[in-house]
Amino acid sequence: MMRQFELVDSVAAYTPNVDENLLNRAYVYAMNKHGNQKRASGDPYFSHPIEVAGILTSLKLDPETVITGLLHDTLEDTDATPEELTELFGSEVTHLVNGVTKLSQIEMSPQSNRQAENFRKFLVATASDIRILIVKLADRLHNMRTLHFIKLEEKRNRIARETLDIYAPLAGRMGIQSFREEMEDLAFKQLNATGRALIIKRLEVLQSENSDMLASIAADIEKRLAENNIPSQVAGRQKRPFSIWRKMEHKSISLEQLSDIFGFRIIVNSETECYRALGAIHTKWPLVPGRFKDYISVPKSNNYRALHTTIVGLNRQRVEVQICTHEMHDVAENGVAAHWLYKEKTNGTIPNLEDIKPFRWLQDLVTRLAAGSTAEEFMEDTRLELFHDRVFCFTPKGRLISLSEGATVLDFAYAVHTMIGNTCIAARINGNDMPIRTKLQSGDEVEIITSPTQTPRPNWEYIAVTGKARAAIRHSLRDYRHKQNLRMGKNILYNIFKAEKCTINDTILERALDAFNCETLPELYAQVGRGDLTGSQVLSKTYPDRRNRNRIFKAVKTLTAKVKSGQDKNSNIPVIGADENIALRFADNCFPLPGDQIVGIAKPGEGIIIYPAKADALSAFENMPESWVPLKWDIGENNKQIYDSRLNLTVVNKIGTLAVVANTIGQFNANISNLQLTRRDDDFCNLQVDVQVRDIKHVNELISALRGSRLVNQVKRFIA
């Protein structure tokens, strides 16, 4: 635990004019307030806020933020009051402590509507001052460091999953990579200790095999830069286990195939020297095509700036090289926090938050709350934004558009403007006409083609990748459905009243408003159009003395086409969104699992056919929006049902390989239902293995284990 004088000295080292008395007062105040409180580890509770404050000093944050770290639990866990904090430490500290207290009271977990709504509140609470979020991230980091002291495994898993889903990506978006990497590693250790241990073991082997070669490459780089009169620092780096596991999963490759497990960061004095160093390296060693990225001229959304290249070094070894200045390096490690350090050096004031790119992204995210998305949709869209890398494309006029990796033409259109997205029909990419589902590559010039008659289609939600596009599409579709319901509800009421020979006008219909808790007639029409109310119910309230004749009104037309019931080979498919009397089945040669996004296609005489939302086969139904049925899995936590999944493996052609594959599958309680050898040569075999698993998590754990074997070169899940 950091002692009082050590904390003060740490802050004074980068803020010489700090008010040491204020820091000392905060230290003693927090210690007295927490008194005899204990943590799960048995340590005094006060050790936690001290460690949080210590983490904040490692980021070289301003004294007010460090004091907030010391006091962040006093309002929630002690008898301290905001008035007392203001009197002792000032209104700025009280504002920050209040903000962190609100975040602490919001317990996030993606399993329920209440918790999803809390996530929205969480982001709104951070949008007033970025330092509130930084303190909360430091708080979560220390909690993760002591996670093993919590006795209940279920609680440890929930906290680790929450950290992996929310806090670590947020730290990454704020550019605080040191926080992100440590959080991910600690969460990975809790959630998949076997996979992490496997990767660490392989890294140790690779490190021992390549240590001499890596040292030789580092020496060669230093010598090359010295020959070109470029002062520099060259440091080796190794990817974290979770980063490696995620990349293996994303690219469906083995650990040995990754080209950037080991790399070097070159730190120079200026931007000009960054490019000189790049030239010196490229004239000495060949670069790997497609691996050069200039994040100096086009920074990442978290303000990360550097040059990235991959070269072919000694023994044909691929090595990633990052080149940056000292300031870029600090921003790469500490993100938004680095702005305080460099602002202090220039004029002694805190930075203008509006000038900080990651903070602008956070505020952008919060403004989307006005789009009317549900809490679950907002959480899902935000996760898409948090987890994806970026691609950079251009409009014909040269405007730069930054999008999530895997983004489509449709995402680009919505990034330009919502109305452009709503009326998009195609695009001209680098001069070639392409459909809206085309995935974009960095450097593409994209001209959006629109039509005034175009409106968003139900399947667009599955084409779009970015949260912004999905939110806009949902908003537009909801608005369209609402207008449809208004028209339908009004027609239903007028037809029923006409059939019963009853007078109908606004004054008469207003008699029914109070009975159905409606404030306006459009609200009443919408409820009838949605089917929440029937026309006869409204009729009985407006003419209460009229006898109910139980007449079937032929004038009322239903707009929903009923599908004939059929035999369902898997009658217990747990999904919601379809009529319980309609047959359901999975599409042929498609393998959706609980956790995948799914969509139904209504086919007369067959029922509803379930497809994975990203299945290529869905393109055949793009012009049939009336057939699309939005579906969701309805799976409980203790689900025991199994589903078919297909894996395509490339394995070493060697005696015992098949036994290793089968044994690994068995160890993960999965069952092989079919196995086929699709290709074989002297070195490798391609296998198609059908396995029975519970859900996405189950199959991903299995894939991770298979990739850990030296006999398995590649594993990829086949969906459709």
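- Using modelled atom types, one finds no donor on one side chain facing an acceptor on the other under 3.5 Å when comparing Tyr167 with Asp139.
- Thr325 meets the side chain to side chain contact (heavy atoms under 4.5 Å, CB included) test with Cys274, Glu327, Met328; sequence neighbours excluded.
- In this structure the side chain of Met434 never reaches within 4.5 angstrom of the side chain of Val446, judged on heavy atoms.
- With sequence neighbours excluded, the residues satisfying side chain to side chain contact (heavy atoms under 4.5 Å, CB included) with Glu51 are Met1, His142.
- Here His282 pairs with Thr309 under the side chain to side chain donor-acceptor pair (under 3.5 Å) rule; sequence neighbours left out.
- Counting non-hydrogen atoms of neighbouring residues, nucleotides and ligands closer than 6.0 angstrom, the CD atom of Gln441 reaches no more than 12 such neighbours.
- A donor-acceptor distance shorter than 3.5 angstrom exists from the side chain of Arg470 to the backbone of Glu461, with no hydrogens or angles considered.
- Of the possible donor and acceptor atoms, one in the side chain of Glu273 sits under 3.5 Å from a partner among the backbone N and O of Asn269.
- Within the structure, salt bridge (Lys or Arg N to Asp or Glu O under 4.0 Å) contacts touching residues 412-434 (residues at least two apart or in different chains) are Arg428-Asp433, Arg428-Glu447.
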**OP:** Give the intermediate values and the outcome of side-chain contact (heavy atoms from CB on, under 4.5 Å) for residues Asp683 and Asn653.
**Re:** CA-CA 5 Å; Asp683 298 317; Asn653 186 5; 5.8 Å; no
Can I get a per-line list of side-chain donor-acceptor pairs under 3.5 Å for residues 219-227, giving both atom names and the distance, sequence neighbours left out?
residue	atom	partner	partner atom	Å
Arg224	NE	Ala280	O	2.9
Arg224	NH2	Thr283	OG1	2.7

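- From Ile436, atom CD1 reaches atom SG of Cys424 across 6.0 Å, with rounding to the nearest 0.5 Å.
- Interatomic distance, Ile463 CD1 to Ile473 CD1, rounded to the nearest 0.5 Å: 8.0 Å.
- Counting only distance, with no hydrogens or angles, the side chain of Thr657 and the backbone of Lys654 share a donor-acceptor pair below 3.5 Å.
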Subject >> Intermediate values then yes/no, side-chain contact (heavy atoms from CB on, under 4.5 Å), Ile696 and Arg717 >> reply: CA-CA 10 Å; Ile696 279 185; Arg717 179 183 166 215; 4.1 Å; yes
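- In this structure, the side chain of Tyr14 does not engage the main chain of Asp62 through any donor-acceptor pair within 3.5 Å.
- Looking at residues two or more places apart in sequence or on another chain, you find no side chain to side chain donor-acceptor pair (under 3.5 Å) involving Asn648.
- Not counting sequence neighbours, the partners of Ile425 by the side chain to side chain contact (heavy atoms under 4.5 Å, CB included) test are Ile449, Ser451, Gln454.
- Among all heavy-atom pairs drawn from Asn228 and Arg276, the shortest one is O-NH2, 2.6 Å.
- For Arg145, the side chain to side chain donor-acceptor pair (under 3.5 Å) criterion is met by Glu182, not counting sequence neighbours.
- With hydrogens and angles disregarded, a donor-acceptor distance shorter than 3.5 Å links the side chain of Thr68 to the backbone of Glu64.
- Here the CG atom belonging to Leu307 is positioned 10.0 Å from the CD atom belonging to Gln322, to the nearest 0.5 angstrom.
- Remark: Phe394 engages Leu400 in a side chain to side chain contact (heavy atoms under 4.5 Å, CB included) (not counting sequence neighbours).
- Remark: side-chain polar atoms of Thr438 are paired, donor with acceptor, to backbone N or O of Pro435 under 3.5 angstrom.
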Kindly list each side-chain donor-acceptor pair under 3.5 angstrom involving residues 411-423, sequence neighbours excluded, with atom names and distances?
residue	atom	partner	partner atom	Å
Asp411	OD1	Val465	N	2.9
Asp411	OD1	Thr466	N	2.9
Asp411	OD1	Thr466	OG1	2.8
Asp411	OD2	Thr408	N	2.9
Asp411	OD2	Thr408	OG1	3.0
Asp411	OD2	Val465	N	3.0
Tyr414	OH	Asn422	OD1	2.7
His417	ND1	Met419	N	3.0
Thr423	OG1	Met419	O	2.9

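- For the ring-ring contact (aromatic ring centres under 6.0 Å, His included) test, residues two or more places apart in sequence or in another chain that qualify with Phe242 are Phe188, Trp245.
- Scanning both residues, Met2 and Ser10, for their nearest heavy atoms gives CE-OG, 4.1 Å.
- Atom CG of Leu711 and atom CG of Leu706 lie 11.0 Å apart (nearest 0.5 Å).
- Listed here is the closest heavy atom pair of Thr65 and Arg131: OG1-CD, 3.0 Å.
- With values rounded to the nearest 0.5 angstrom, Arg240 atom CZ is found 5.5 Å from Asp185 atom CG.
- In this structure, Ala187 and Met144 approach most closely via the heavy-atom pair N-CE, 3.6 Å.
- Counting heavy atoms from C-beta outward, Leu164 and Leu191 have side chains that approach closer than 4.5 Å.
- Checked by atom type and distance alone, the side chain of Ser58 pairs as donor or acceptor with a backbone atom of Ile55 at under 3.5 Å.
- Proximity of Thr15 to Asn17: side-chain heavy atoms (C-beta onward) are separated by under 4.5 Å at one or more points.
- Judged by distance alone, with hydrogens and angles left aside, the side-chain atoms of Arg707 form a donor-acceptor pair with the main-chain N or O of Val715 at under 3.5 Å.
- Not a single side chain to side chain donor-acceptor pair (under 3.5 Å) links Glu445 to another residue, sequence neighbours left out.
- Between the Ser232 side chain and the Ile266 main chain, no donor and acceptor come within less than 3.5 Å of each other.
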Subject >> side-chain contact (heavy atoms from CB on, under 4.5 Å) evaluation trace for Leu59 with Phe179 >> reply: CA-CA 10 Å; Leu59 296 179; Phe179 278 25; 3.6 Å; yes
